[in-house]
Amino acid sequence: MKFVQTAKDSQSDARCGVISTDHGEIKTPIFMPVGTVGSVKGVYHKSLKEDINAEIILGNTYHLYLRPGLETLKAAGGLHKFESWDRPILTDSGGFQIFSLTPIRKLTPEGCTFASHIDGSRHTFTPENNVDTQRIIGADIMMALDECCPGDADYHYAEKSLLLTESWLGRYVKRFNETKPLYGYSQAMFPIIQGCVYPDLRKRSVEFSLKYDKDGYAIGGLAVGEPTEKMYEMLELVCPLLPYDKPRYLMGVGTPANILEGIARGVDMFDCVMPTRNGRNGMLFTWNGIMNMRNKKWENDFSVLDPEGTSFVDKTYSRAYLRHLFVAKEMFAAMIASEHNLAFYLDLVMQSRTHIQAGDFKEWKDRMVKKVSSRL
RNA sequence: GGGGAGAUACCAAAGUGGCCAACUGGGGCAGACUGUAAAUCUGCUGGCUUAUGCCUUCGUAGGUCCGAAUCCUGCUCUCCCCA
């Protein structure tokens with residue numbers, strides 16, 4: 001994997017670049033649709049490629065490990081073949097699941113023991129077997145196994161959590177360096193910077209992670225309960241400490257405004273369930289604000305979904321029709337909304353790239369943040 | 001014609017003397033959702049007003065009682081069974 005910075009905004013830390021992988025190039029800043037269990041929920045790969053222009057999607061190690069399981073993934077020849085996706089894939093390690101499945105987990109220096117949410121069976125993730133699992137999945141970019149510290153954790157907890165993440169990172173990289181890809185294309189890996197909202201911990205985490213000189217750096221443990229301003233502060237602290245010639249990935253973020261602000265602070269990669277999950281639940285993101293498509297006000301609005309939208313659904317279906325589908329609980333509603341939202345998110349980063357290249361990103365971003373956060 | 005059952009808020013359906021403005025579903029209205037245990041979850045849903053407040057409600061008209069959706073009587077309507 002290679003990253004080249006190709007443009008820089010004049011008034012902010014926003015930048016453009018290109019990530020090269022064996023499954024193709026990714027223009028940054030990029031948004032990566034989340035396909036947890038081997039599917040971006042409700043969206044055809046054909047749509048992802050031709051309509052939404054997704055250049056990379058996510059998979060999740062925790063979920064794929066439990067189902068379909070390593071035997072099937074191995075027999076399939078990896079996740080790309082299994083799900084018929086020939087562009088890049090990034091897999092999260094399951095660190096976030098360790099965090100979100102708190103009631104049924106046990107953290108030890110060795111790793112993390114947890115109960116499957118599917119059948120309650122016990123499993124253990126260690127940095128070592130997590131590398132092995134992500135080798136079998138065959139992601140182009142593998143994420144370190146970390147503990148995602150809650151945003152409201154106290155300093156003591158955050159420090160302890162960071163120590164664990166650091167020790168896991170050392171072992172993870174060791175195993176990574178000792179093993180090889182299984183399917184004939186290369187795999188990159190990103191450490192994950194933690195440290196909650198504490199500047200000195202964040203700084204320490206960056207320094208610790210940089211020692212391994214990996215392919216890119218992820219910033220985790222944000223948008224997990226801390227105030228949004230704290231998240232921005234942490235980005236302002238962390239990004240300048242990261243090498244300019246490696247991509248920076250802000251994990252799990254976020255709202256359109258979060259993404260614009262993240263780009264302004266030097267972030268290159270984003271992922272979030274919001275466009276698909278909120279889409280399934282009736283929310284549409286647009287350049288003019290957020291729409292709750294279940295609302296009565298759309299009942300007789302026969303205008304197109306989004307006149308500024310880039311997806312074919314935007315010009316094809318009316319607001320009244322989509323509202324009807326949501327009210328009637330038709331699965332087609334979720335499909336249309338997911339398609340629209342992902343297309344909007346990809347348009348959001350595409351236009352960001354255009355404005356960074358034009359050098360007027362900051363003032364454009366400031367205008368857009370207000371617009372996209374409003375309610376229609 | 002004879003016998004029986006029932007009428008509760010938008011719908012369905014509990015409640016059979018005070019804890020009932022009335023359980024629960026559905027529907028309706030609104031909200032939440034940030035490295036997906038989510039096609040999920042939450043709130044509200046008689047009126048006024050927002051308070052441990054008042055007013056009007058349980059087919060309809062009366063009655064009993066300190067007190068009725070709940071008991072009694074008349075009326076109206078619906079459903080079932082037998083001829």
Side-chain angles (χ1 to χ4, degrees), chain A residues 31-43 56-64 66-67 89-105 114-120 134 139 141-151 165 190-194 217-228 231 249-259 261-262 267 269-285 290-299 323 325-338 341 345 373 375:
Chain A
F31 177 80
M32 308 180 282
V34 179
T36 309
V37 296
S39 136
V40 177
K41 295 185 193 301
V43 184
I56 172 172
I57 61 174
L58 257 64
N60 184 278
T61 304
Y62 167 85
H63 289 282
L64 292 166
L66 288 179
R67 200 163 52 188
I89 293 176
L90 178 151
T91 42
D92 183 28
S93 60
F96 185 75
Q97 280 60 45
I98 293 171
F99 157 72
S100 63
L101 273 48
T102 296
I104 48 172
R105 65 162 181 177
F114 56 89
S116 158
H117 69 280
I118 298 164
D119 61 7
Q134 292 192 66
I141 302 173
M142 301 166 41
M143 301 306 300
L145 183 68
D146 67 334
E147 189 204 359
C148 182
C149 179
T165 291
F190 290 12
I192 302 172
I193 290 147
Q194 290 288 345
Y217 296 92
I219 305 165
L222 291 175
V224 286
E226 82 288 0
T228 305
M231 171 168 79
Y249 164 29
L250 176 55
M251 304 185 78
V253 174
T255 65
N258 290 161
I259 288 172
E261 296 293 0
V267 175
M269 305 162 72
F270 301 86
D271 80 281
C272 192
V273 303
M274 209 173 253
T276 41
R277 179 189 289 169
N278 289 27
R280 286 195 303 281
N281 293 330
M283 184 184 285
L284 248 50
F285 296 95
I290 294 159
M291 298 195 279
N292 182 343
M293 294 313 297
R294 292 186 317 234
N295 286 174
K296 191 175 183 63
K297 60 186 159 195
W298 311 119
E299 192 171 31
R323 168 181 146 91
L325 295 179
F326 270 113
V327 169
K329 296 180 166 56
E330 284 293 311
M331 68 172 87
F332 193 29
M335 294 171 66
I336 291 172
S338 298
N341 281 344
Y345 266 64
S373 304
R375 253 168 202 285

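The sequence lines fix the lettering, A, B, ..., with proteins before strands; numbering per chain opens at 1.
U70(B) and A37(B) have their C1' atoms separated by 46 Å, with the value rounded to a whole Å. The gap from the P atom of U56(B) to that of G62(B) amounts to 15 Å, rounded to the nearest Å. Between G53(B) and A22(B), the two P atoms lie 11 Å apart (nearest whole Å). Comparing the P positions of U45(B) and U36(B) gives a spacing of 37 Å, expressed to the nearest Å. Across G1(B) and C11(B), the matching C1' atoms stand 36 Å from one another, rounded to whole Å. Annotation: G27(B) and C72(B) have their P atoms spaced 38 Å apart (nearest Å). For the P atoms, the distance linking C19(B) with A12(B) amounts to 26 Å, nearest Å. For U16(B) and A69(B), the C1' atoms lie 9 Å apart once the distance is rounded to whole Å.
Remark: G43(B) base-pairs with C29(B); criterion is Watson-Crick or G-U wobble with both hydrogen-bond distances under 3.5 Å. Pair assignment for G1(B): C82(B), on the basis of Watson-Crick or G-U wobble contacts that are both within less than 3.5 Å. Across all strands shown, G17(B) has no partner, as no Watson-Crick or G-U wobble contact with both distances under 3.5 Å is found. Across the strands present, A22(B) finds no partner; the criterion is a Watson-Crick or G-U wobble pair with both atom distances under 3.5 angstrom. When Watson-Crick and G-U wobble pairs are counted only if both distances are under 3.5 Å, A7(B) pairs with U76(B). Pairing for C71(B) goes to G63(B), judged as Watson-Crick or G-U wobble with the two contacts each under 3.5 Å.
In the set G31(B), G35(B), A32(B), G31(B) carries the atom at the smallest distance from any side-chain atom of N295(A). For V327(A), taking side-chain heavy atoms from C-beta onward, the closest of the listed nucleotides A37(B), G35(B), G28(B) is G28(B). Ranking G35(B), A37(B), G31(B) by closeness to the C148(A) side chain, first place goes to G35(B). The side chain of M274(A) sits closest to U34(B) out of U34(B), A32(B), G35(B).
Using modelled atom types, one finds no donor on one side chain facing an acceptor on the other under 3.5 Å when comparing Y62(A) with D92(A). Using modelled atom types, one finds a donor on one side chain and an acceptor on the other under 3.5 Å when comparing T91(A) with Q134(A).
At whole-Å resolution of the value, CZ in F190(A) and C1' in G35(B) are 13 Å apart. Between the CZ atom of F270(A) and the P atom of G35(B) there is a distance of 14 Å, given to the nearest Å. As rounded to whole Å, 18 Å separates atom C1' of A32(B) from atom CE of M291(A). In this structure, the NZ atom of K329(A) is 13 Å from the C1' atom of C41(B), given to the nearest Å. Following rounding to the nearest Å, N281(A) (CG) and C41(B) (C1') show an atom-to-atom distance of 8 Å. Look at CG on N292(A): it is 14 Å from C1' on G43(B), rounded to the nearest Å. A straight line from CG of D92(A) to C1' of U34(B) spans 13 Å, rounded to a whole angstrom. When the P atom of A38(B) is taken as reference, atom CE of M283(A) falls 19 Å away, rounded to whole Å.
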(Q) For L250(A) and N258(A): C-alpha separation, side-chain torsions, deciding distance, then whether side chain to side chain contact (heavy atoms under 4.5 Å, CB included) applies. (A) CA-CA 10 Å; L250(A) 176 55; N258(A) 290 161; over 6 Å; no
Q: For Q97(A) and H117(A), run side chain to side chain contact (heavy atoms under 4.5 Å, CB included): C-alpha distance rounded to whole Å, both residues' side-chain angles, the deciding distance at 0.1 Å, then the answer.
A: CA-CA 10 Å; Q97(A) 280 60 45; H117(A) 69 280; over 6 Å; no
Q) What do the steps show when you test Y249(A) against M32(A) for side chain to side chain contact (heavy atoms under 4.5 Å, CB included), and what is the final call? A) CA-CA 10 Å; Y249(A) 164 29; M32(A) 308 180 282; 3.4 Å; yes
Q: Would you check, one step at a time, whether the test side chain to side chain contact (heavy atoms under 4.5 Å, CB included) holds for F96(A) with V224(A)?
A: CA-CA 10 Å; F96(A) 185 75; V224(A) 286; 4.1 Å; yes
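Counting non-hydrogen atoms under 4.0 angstrom, Q194(A) reaches a base of the nucleic acid. Among the heavy atoms of the strands, none lies under 4.0 Å from I118(A). Among the atoms of the strands shown, none is found under 4.0 Å from any heavy atom of M335(A). Here G221(A) lies in heavy-atom contact (under 4.0 Å) with a base. Within 4.0 Å of R67(A), counting heavy atoms only, lies no atom of the nucleic acid at all. Backbone-only engagement by D271(A) is indicated by non-hydrogen atom pairs under 4.0 Å involving sugar-phosphate atoms exclusively. Contact annotation for K41(A): base contact, defined as any heavy-atom pair under 4.0 Å involving a base atom.
Applying the 90° criterion around 0 to the glycosidic angle, A61(B) comes out anti.
Shown here for S93(A) and L145(A), the closest heavy-atom pair between the two residues is OG-CA, 3.5 Å. Nearest heavy atoms, L325(A) versus I336(A): CD1-CD1, 3.7 Å.
Residue S100(A) places no side-chain atom within donor-acceptor reach of the base of U36(B), judged by atom type and a 3.5 Å distance cut-off alone. Between the side chain of R294(A) and the base of G28(B), no donor-acceptor pair of N or O atoms lies under 3.5 Å. Side chain N258(A) to base U34(B): a donor-acceptor pair is found below 3.5 Å. Residue D146(A) places a side-chain atom within donor-acceptor reach of the base of G35(B), judged by atom type and a 3.5 Å distance cut-off alone.
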